[in-house]
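Inspection log for the structure reproduced underneath, given as structure tokens.
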Amino acid sequence: MRRRSLLAAGPALLAARAARAVPSRVVCVGGALTECAFALGAGSRLVAVDTTSLVPPAAQRLPNIGYMRALPTEGLVALHPDLLLLSEEAGPPAAIEVLRAARMPIRTVPDGAGGEAAVAKLRAVAEALELPAEPMASALAEDWAALDAPIAALPTRPRGIFVLSGSSGAPLVSGRDTHADAAIRAAGAVNLVEGYRGYRPLSPEMAARMAPDFILMMDHALEAAGGPEAVLRMPALAVTPAAAARRVVPMPGSHLNFGPRAAEARRALALALRPGATLPALPERPWLRG
Amino acid sequence: MAAGVDGIGGTGLALRAPARAVPLAAGLLLASLLAAVLLGPARVSPAGFLAVVADLLGLAPLPAEFAGDRAILSVVRAPRALMGALIGAGLACAGAVMQGLFRNPLADPGLIGVSSGAALMAAAGIVFGGGLMGSRAGLLGLWLLPLLAFAGGLGATFLIARLAMREGSVGVANLLLAGIGVNALCVAGLGLLVAIADDRQARDINFWLLGSLAGARWVHLPVLLALVGLPCLGLLRLARPLNALMLGEREAFHLGVQVETAKRVAVVLAAVAVAAGVAFSGIIAFIGLLVPHLVRMAVGAEHRIVLPCAGLLGGALLVAADLVARSLAAPAELPVGVVTALLGAPFFLLLLRRQSA
């Protein structure tokens, strides 16, 4: 009886697999994944993104499912996605478990930092979207590698800190093992905070002892904190050489995505940290426009 | 005794026939459950609803076109609504019992440390648990955080009860003071954890403190039935001793009430019901304090009416709040603890205004 029903179901299953369409209603949770989907030319297949998906600007016009650590369940199911691309940082696990139970087609993508991780993300998203990863993935690997020698040859090694937010109380400053830390290293600079992992509040004493030459911040965080002047007036930062030299370096938040624009971001950051320095231009990559 | 009770309750707003309040509250809970299953950001056609119900009852196999509807109704909405009903009932019942026990309308389950203890341990789990909130957490992460929160809630209550004990008897005033002390410790510990947490962990703690039912699955329901449902039934049986206690402990004793036993049973059952609930949902504001208060304003102080009404209304409010939480900002979701207060507080203020007028 059981065997017969299995036999009967066999051809139906095969037919279903053959007829399975390329994912056309995709939800991207994670800024880098959204960026990858657009670079691969699949932006029009996205039906929603999360609050960390800021690049390209077209992503911000899509419906938003909220913060990636507080995933909705019914909101996602109601979008009827045929692919749910989740950064491994997404959560909480209990909500993801509900989505699995509801048979949501979930694909989890690792969220590393660095050139290799960026290429891996691009390849993983391409595979999930059933699109060729080339020439984008190889081009990204080439562009990243092409910066190694010129950045190593730059005469200075700026030393500083990355401030995640400074709008309330002590500035939240990046330690080791963050995307900001990886970005600073990749740009041939030095993140002075080595004593802890993640982002933590920085005390004035610590800041004075580290004596950073630059303070790196994301555009929107800098704006939220009231601009460079307000940041340099914060007690923890006012005593630093960076404040004396007025060196608050803004950068787009997407520089920390380690997505398809990782090489471009690496070059831009290396230059932003060294006024007047030059690096060879990277080849124009048409899929990164827009 | 009834006259004395009314004298203490002293509300001019009491319904003529408060006995009718219980079926009314039950009706509200049923209506909210039905609305929570039928409504939401995902559209389910009436045909889809009927097909899923027929399938669940084994009447007719589900046509393939309604598979998505089944996922929405029976995987996402139904367990969530039932979880909300149980947790809300637990919070409100425990709150009503605490208000009776402390003879103070401002008492809530938080007084005996359940919420702050649960929050402290949940935060400890988030900070030290190494990615308990990420997608890599696995089975351990799914159960460890609720387990920690549950243990934290019970632990804080146990500590408070031990500290309040004098010569084998738990004095209500001592309980209150010990509660204030232990709560202060827990809140300080929570603050310390937030201070040493990195940015992501701090945000995870923040979301936990705002509450959510998004993680509700069927597998949670037997646990909640046992750890919230049963204690609630036990709390309902405290109505008579609580009525007597309103006259004072000595008077209750002379009325034949086992005062010490009643107090202990009340604290233990309230702690279990609330700790188990918040373990799965995170902190839910408003319900434990204001739902029982609201019920008292509407029906008077008779605990045989207040306790079941509070439980039913608490459930109804959380279920309705969750419907709003998942619908209003769709496809995103609002924290349900915020919505309970947003929905409940204006209602409460309106009643207060009418009462003082």
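Letters A, B, ... are given to chains in the order of the sequence lines, protein chains preceding strands, and every chain is numbered from 1.
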inquiry  = I'd like to check the side-chain contact (heavy atoms from CB on, under 4.5 Å) partners of A/Thr178; sequence neighbours left out, ordered by chain and number.
reply    =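 A/Ser174, A/Ala180, A/Asp181, A/Tyr199.
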
So does [X] have more than 12 non-hydrogen atoms from other groups sitting under 6.0 Å from [atom1]?
X: B/Glu65; atom1: CD; result: yes
X: A/Gln60; atom1: CD; result: yes
X: A/Arg209; atom1: CZ; result: no

inquiry  = Going by the rule salt bridge (charged side-chain N to carboxylate O under 4.0 Å, His left out), which residues pair with A/Glu127 if we only count those two or more places apart in sequence or in a different chain?
reply    = A/Arg107

key: By salt bridge (charged side-chain N to carboxylate O under 4.0 Å, His left out) - contacts of A/Arg123 (at least two apart)   = A/Glu134

request  = Report the option among A/Ala78, A/Gly198, A/Pro72 that has the most heavy-atom pairs separated by less than 4.5 Å from atoms of chain B.
outcome  = A/Pro72

request  = State whether B/Phe207 and A/Arg69 meet the cation-pi test: NZ (Lys) or CZ (Arg) under 6.0 Å from the six-membered ring centroid, and within 45° of the perpendicular axis.
outcome  = no

task = Look at B/Arg80 together with A/Glu74 and state whether they make a salt bridge at an N to O cut-off of under 4.0 Å.
result = no

Quick check on [X] against chain B: is it the side chain, the backbone, both or neither that has a heavy atom closer than 4.5 Å?
X: A/Ala101; result: both
X: A/Tyr67; result: side chain
X: A/Leu99; result: neither

ask   = Can you find a pair of side-chain heavy atoms, one from B/Leu142 and one from A/Glu97, that are under 4.5 Å apart?
value =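 Answer yes - side chains close enough.
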
Once you round to the nearest 0.5 Å, how far does [atom1] of [X] lie from [atom2] of [Y]?
X: A/Arg200; Y: B/Ile196; atom1: CZ; atom2: CD1; value: 6.5 Å
X: B/Asp199; Y: A/Leu164; atom1: CG; atom2: CG; value: 5.0 Å
X: A/Arg103; Y: B/Arg70; atom1: CZ; atom2: CZ; value: 7.5 Å
X: B/Arg200; Y: A/Met68; atom1: CZ; atom2: CE; value: 5.5 Å

Please state whether the side chain, the backbone, both or neither of [X] comes within less than 4.5 Å of a heavy atom of chain A.
X: B/Arg77; result: side chain
X: B/Ala202; result: neither
X: B/Ala195; result: backbone

inquiry  = Looking at every heavy atom in both A/Ala102 and B/Val76, which two are closest together, and how far apart are they?
reply    = CB-CG2, 4.2 Å

ask   = Heavy atoms under 4.5 Å from chain A: which residues of residues 318-338 of chain B carry them?
value = B/Arg326, B/Pro331, B/Ala332, B/Glu333

